[in-house]
There are 2 protein chains.
Amino acid sequence: MNKTFKTLAEPNRFQIVELLRNGPLSVGEVADRIGLRQPQTSKHLRALMDAGLVEVDPIANRRIYKLRLEPFQELDIWLESYRHIWKERLDSLDDYLQDLQRKDNHHHDEDKE
Amino acid sequence: MNKTFKTLAEPNRFQIVELLRNGPLSVGEVADRIGLRQPQTSKHLRALMDAGLVEVDPIANRRIYKLRLEPFQELDIWLESYRHIWKERLDSLDDYLQDLQRKDNHHHDEDKE
DNA sequence: ATTAAATATTCCTTGACAAGAATATTCTTT
DNA sequence: AAAGAATATTCTTGTCAAGGAATATTTAAT
């Protein structure tokens, strides 16, 4: 998981991932569209491989890279726990506000007396 | 967004974020639980602030840090687009499989003739 | 079998950044 | 006002990773 963050933290690699969202591409194509030299592109793709973010499909001379599902699922699961937290916080904020309102009503009552 | 990744890529900072999931904490408390010295803890919290991942609530002598919602929402929105992609891929895989099946049936028909 | 295209790897240099140590700042308490 | 917590900042040093340049490797084509 941490490896995922570290790998995506590099701007070019993030861009590559965004690019591969549209479908598999060869090294040369990635290099062209990102505007990187071939060796650095290969290196970044290697890093993405090591992190399990992409997989490769060798076709003849070319190596076609494409995204892998799992790391994104992991991210999603991780985020899920945060979603719960916000929900809980909102709920208790809600309770709090209702509580305030009750107290406020009491005050009004007292004012009247 | 990229700043979020870069910031969370540092293991101690990631741990701090996970810790703050349970609620706001002072610098000293974070330092204790993560096992970091106070200055490094302050530095990491500063980095988290700069990335907008946390906010601070000064209470007397202490500074209470807590998570901010927005960056996680951003991550969520970003991930959303990936969820769509997998869905589409699965759909077309589904189409493909159905297509295969149709062709297969034809073959069976041909065998019979 | 040679040559050419596509990709990977190695070596080097440089920049970013995290920890350590020391010090500065802010707020409280007396 | 002085002293003491809690926290922030500065400076230095060491490590790691990214880009550049050159080269190696793999596969295709002739």
Side-chain angles (χ1 to χ4, degrees), chain A residues 1-68 71 75, chain B residues 1-68 71 75:
Chain A
M1 243 291 314
N2 210 303
K3 200 161 200 171
T4 301
F5 280 123
K6 203 168 185 177
T7 308
L8 289 177
E10 211 288 321
N12 289 318
R13 277 191 302 254
F14 184 79
Q15 257 195 280
I16 293 178
V17 168
E18 292 279 274
L19 183 57
L20 290 181
R21 215 172 28 173
N22 305 325
L25 288 178
S26 72
V27 177
E29 288 167 329
V30 171
D32 280 353
R33 310 209 190 174
I34 304 286
L36 275 177
R37 300 173 195 279
Q38 177 267 318
Q40 341 296 337
T41 305
S42 280
K43 285 182 215 169
H44 282 310
L45 285 167
R46 178 120 158 74
L48 289 168
M49 280 277 286
D50 290 346
L53 281 161
V54 300
E55 59 190 357
V56 69
D57 199 2
I59 297 203
N61 217 1
R62 314 259 172 92
R63 311 196 83 214
I64 310 297
Y65 286 88
K66 64 180 171 189
L67 293 183
R68 264 168 44 83
L75 272 186
Chain B
M1 247 290 313
N2 210 302
K3 201 162 199 169
T4 301
F5 281 122
K6 204 168 183 177
T7 307
L8 289 178
E10 211 288 320
N12 289 318
R13 278 194 297 257
F14 184 78
Q15 258 195 280
I16 293 179
V17 168
E18 292 278 275
L19 184 58
L20 291 181
R21 215 172 28 172
N22 305 326
L25 289 177
S26 72
V27 177
E29 288 168 328
V30 172
D32 280 353
R33 310 209 190 174
I34 305 286
L36 274 178
R37 299 171 196 281
Q38 176 267 317
Q40 340 297 337
T41 306
S42 280
K43 285 183 217 169
H44 283 309
L45 285 167
R46 179 120 156 73
L48 289 167
M49 279 277 285
D50 291 346
L53 281 161
V54 301
E55 59 190 356
V56 69
D57 199 1
I59 296 203
N61 217 359
R62 314 261 171 93
R63 313 195 82 213
I64 311 296
Y65 286 88
K66 64 180 170 188
L67 294 183
R68 264 166 45 83
L75 272 186

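Since this is a predicted model, take the numbers as computed values, not measurements. Order of the sequence lines fixes the chain letters, A, B, ..., with proteins taken first and strands second; residue numbering starts at 1 for each chain. Just so you know, these numbers use all the heavy atoms, side chains as well, and skip hydrogens, waters and symmetry mates.
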Colleague: So what does A:Thr41 hit on the nucleic acid, given a heavy-atom distance under 4.0 Å: a base, only sugar-phosphate, or nothing?
Modeller: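 It contacts nothing in the nucleic acid.
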Colleague: May I ask you to verify if any side-chain N or O of A:Arg37 is less than 4.0 angstrom from the OP1 or OP2 atom of D:dG20?
Modeller: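 For D:dG20, OP1/OP2 do have a side-chain N/O of A:Arg37 under 4.0 Å.
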Colleague: Got A:Gln15 and A:Leu36 here, is their nearest side-chain heavy-atom distance under 4.5 Å?
Modeller: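 No, too far: nothing below the 4.5 Å cut-off.
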Colleague: Report yes if a side-chain nitrogen or oxygen of A:Tyr65 is closer than 4.0 Å to either non-bridging phosphate oxygen (OP1 or OP2) of C:dA6; otherwise report no.
Modeller: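 False: A:Tyr65 side-chain N/O out of range (4.0 Å or more) of C:dA6 OP1/OP2.
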Colleague: Give the rounded distance in Å between these two atoms: CG of A:Asp50 and P of D:dA17.
Modeller: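 Result: 11 Å.
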Colleague: Between P on C:dT9 and NE2 on A:His44, what's the gap in Å once rounded to a whole number?
Modeller: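 Going from NE2 in A:His44 over to P in C:dT9 covers 15 Å.
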Colleague: Could a donor-acceptor pair under 3.5 angstrom be found where the side chain of B:Gln38 meets the base of D:dA8?
Modeller: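 Side chain to base: pair found, below 3.5 Å.
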Colleague: How many Å lie between CD on A:Gln40 and P on C:dC11, as a whole number?
Modeller: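 The distance from CD of A:Gln40 to P of C:dC11 comes to 16 Å, rounded to the nearest Å.
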Colleague: Of all the nucleotides listed (D:dT9, D:dA17, C:dC17), which has the minimum atom distance to the side chain of B:Ser42?
Modeller: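 For B:Ser42, the side-chain atoms sit closest to D:dT9.
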Colleague: Just by modelled atom types, is the A:Gly52 backbone N or O under 3.5 Å from a matching donor or acceptor in the A:Arg68 side chain?
Modeller: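 Yes, A:Arg68 side chain to A:Gly52 backbone: donor-acceptor pair under 3.5 Å.
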Colleague: Looking at D:dT7, C:dC17, D:dA28, which one has an atom nearest to any side-chain atom of A:Ala60?
Modeller: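 That would be D:dA28.
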Colleague: Let's see if you can work this out: which of D:dT26, C:dT26, D:dA8 has an atom nearest to the side-chain heavy atoms of A:Asn61?
Modeller: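 Nearest to the side-chain atoms of A:Asn61, counting from C-beta on, is D:dT26.
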Colleague: Using whole Å, what does the distance between atom C1' of nucleotide C:dA21 and atom CG of B:Leu36 come to?
Modeller: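 Spelled out: CG on B:Leu36 to C1' on C:dA21 is 15 Å.
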Colleague: Can you identify which nucleotide, out of C:dA18, D:dA18, D:dA8, has its nearest atom closest to the B:Glu10 side chain?
Modeller: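 Nearest to the side-chain atoms of B:Glu10, counting from C-beta on, is C:dA18.
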Colleague: With the side chain counted from C-beta on, respond yes when B:Val30 and B:Tyr65 share a heavy-atom pair under 4.5 Å apart, and no when they do not.
Modeller: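 A side-chain contact is absent here, since even the closest heavy-atom pair is not under 4.5 Å.
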Colleague: In whole Å, I'd like the distance from the CG atom of A:Leu45 to the P atom of D:dA18.
Modeller: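 Value for this atom pair: 13 Å.
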Colleague: Under 4.5 Å between any side-chain heavy atoms of A:Leu75 and A:Phe5, yes or no?
Modeller: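 Counting from C-beta outward, A:Leu75 and A:Phe5 do come under 4.5 Å.
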Colleague: Is B:Arg46 near enough to D:dA8 that one of its side-chain N or O atoms lies under 4.0 angstrom from OP1 or OP2?
Modeller: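 No, because none of the side-chain N or O atoms of B:Arg46 sits under 4.0 Å from OP1 or OP2 of D:dA8.
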Colleague: Expressed in angstrom and rounded to an integer, what is the separation of B:Arg63 atom CZ from C:dT25 atom C1'?
Modeller: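 One finds 11 Å between C1' of C:dT25 and CZ of B:Arg63, rounded.
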Colleague: Is a side-chain donor or acceptor of B:Arg63 paired with a backbone partner of B:Val56 at a separation under 3.5 angstrom?
Modeller: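 Checking the backbone N and O of B:Val56 against the side chain of B:Arg63, no donor-acceptor pair under 3.5 Å is found.
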Colleague: Judged by each residue's nearest nucleotide on DNA chain C, which is more toward the 5′ side, A:Arg62 or A:Pro39?
Modeller: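 Looking at the nearest nucleotide for each, A:Arg62 comes out on the 5' side.
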Colleague: For B:Lys3 and C:dA16, give me the distance from atom NZ to atom P, rounded to whole Å.
Modeller: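 Going from NZ in B:Lys3 over to P in C:dA16 covers 14 Å.
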Colleague: Measure from NZ on B:Lys43 to P on D:dT12 and round the result to the nearest Å.
Modeller: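 From B:Lys43 NZ to D:dT12 P: 13 Å.
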